[in-house]
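Accompanying notes for the structure given below.
Atoms within each ligand, like the ligands themselves, are counted from 1 in listed order. Hydrogens, waters and symmetry mates are skipped; everything else that's a heavy atom, side chains included, is used.
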Amino acid sequence: MSYLFISDLHLDENRPDITRGFIKLLANLPVGIERLYILGDFFEVWLGDDHETPFNAEIIKTLAEISLPKYIMHGNRDFLLGQEFCNATGCKLLPDPSIIDIGGEPVLLMHGDSLCTRDEAYMKLRAMLRSTPVQLDLLSKSLEERALIASNARTQSKQHTRETAEDIMDVTLEEVVRVMTEQGVGLLIHGHTHRPATHDLVVAGQPAQRIVLGDWDKHGWYLELDETQRSLVSFPI
Ligand code: MN
């Protein structure tokens, strides 16, 4: 029972190399993988399931052809992924956070943005964008309007990242420990921060781990996990 985790591919029609890397990974999955988990920011931007483009159709087809059980979680860039996308790809939408069972051990899955609590401006924005009325309002706008809003949000986000200290953009360790304690887990897997690593920590007096998935750029990243191994792997794209 081996599971594969990826996040932060930021698939984008302007980055065909990343799409090719993703297709290559799916075609050469490590032996024994039984499930695929995508923990958010699969797409650079997702304007809604009604945004039909040749690029989106290609990705949907690629995912649909994978016969493994597939799970996808929203990231901060593709939080408008909806049921139609899931129906078309065969993915199941996972709430953030979610707990899965691996060999009898509960494992917590998150995108990771909700752990960056020191970034107060972002946390306010996140709370707004994740509310159902705001999302329904966004989806009621034309695709052109949504594209403009997304593009403005991206410009603002880049400026915010430039102006905000590095450590504020990372997760808050106390929040990690709080959430892991509350959820009763010894392993947390998330993405978002683009700081791939395996961190040892102590939760409720027990040794625990936080595994951060990597973002895809010149390299792709995946985590292969089963009862006996936790392998965070990068490969050239
Ligand atoms: Mn993210």
Side-chain angles (χ1 to χ4, degrees), residues 4-15 18-19 21-22 36-48 51 56 59 63 70-82 85 91 93-98 108-131 134-135 138 146-147 149-173 175-176 179 188-199 210-223 232 234 237:
L4 194 89
F5 299 84
I6 54 176
S7 75
D8 301 280
L9 283 75
H10 296 270
L11 291 176
D12 180 346
E13 56 191 329
N14 299 316
R15 288 295 303 270
I18 296 179
T19 302
F22 175 56
L36 173 66
Y37 287 90
I38 304 171
L39 299 188
D41 287 357
F42 182 54
F43 290 98
E44 172 71 2
V45 64
W46 189 258
L47 298 178
H51 186 217
N56 290 349
I59 302 299
L63 267 182
K70 292 156 280 189
Y71 302 85
I72 192 162
M73 184 178 276
H74 287 145
N76 49 299
R77 293 177 169 276
D78 51 13
F79 60 89
L80 289 177
L81 278 172
F85 173 86
C91 287
L93 196 60
L94 279 180
D96 179 3
S98 283
L108 181 61
L109 309 179
M110 303 177 82
H111 176 57
D113 55 332
S114 64
L115 297 167
C116 302
T117 54
R118 281 170 299 173
D119 188 350
E120 288 173 20
Y122 174 69
M123 294 304 280
K124 276 193 192 133
L125 178 68
R126 185 183 193 276
M128 185 190 76
L129 291 176
R130 299 304 174 95
S131 84
V134 170
Q135 292 193 358
L138 272 175
R146 278 179 256 164
I149 291 168
S151 154
N152 288 341
R154 221 170 122 191
T155 306
Q156 280 177 14
S157 159
K158 277 187 184 153
Q159 189 183 350
H160 179 65
T161 304
R162 269 198 306 274
E163 291 169 352
T164 308
E166 274 279 299
D167 63 320
I168 289 179
M169 304 292 293
D170 200 357
V171 301
T172 309
L173 186 57
E175 179 65 4
V176 167
V179 171
L188 164 64
I189 302 169
H190 71 82
H192 180 66
T193 59
H194 300 188
R195 299 169 198 222
T198 299
H199 300 275
R210 172 171 72 95
I211 303 180
V212 188
L213 302 168
D215 59 307
W216 290 38
D217 190 5
K218 298 212 165 29
H219 286 79
W221 289 86
Y222 66 83
L223 168 69
L232 186 58
S234 78
I237 282 183

Legend entry - Contact check, side chains of I38 and K70, non-hydrogen atoms, under 4.5 Å: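 Contact flag for I38/K70 side chains = no.
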Legend entry - Heavy-atom check, side chain of I59 versus side chain of F42, under 4.5 Å: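 Yes, close enough: below the 4.5 Å cut-off.
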Inset, instruction - Using the test ring pair (Phe, Tyr, Trp, His ring centres under 6.0 Å), find all partners of Y122 that sit at least two apart in sequence or belong to another chain. - result: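 Expected list: none.
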Inset, instruction - Spell out, as yes or no, whether a donor-acceptor pair under 3.5 Å connects the side chain of D8 to the backbone of H192. - result: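 Yes, the answer is positive, given that a donor and an acceptor are paired below the 3.5 Å cut-off.
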Legend entry - N, O or S from T193 under 2.8 Å to the Mn ion (ligand 1):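 No, outside the cut-off.
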Legend entry - N, O or S of D41 under 2.8 Å from the Mn ion (ligand 1):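 Looking at D41, which is the residue asked about, there is an N, O or S atom under 2.8 Å from the Mn ion (ligand 1).
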Inset, instruction - Check H192 and report its N/O/S atom nearest to the Mn ion (ligand 1), by atom name. - result: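 Result: ND1.
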Inset, instruction - Compute the angle centred on the Mn ion (ligand 1) spanning NE2 of H111 and OD1 of N76, and express it rounded to 10 degrees. - result: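 Once rounded, the angle between the two atoms at the Mn ion (ligand 1) is 90°.
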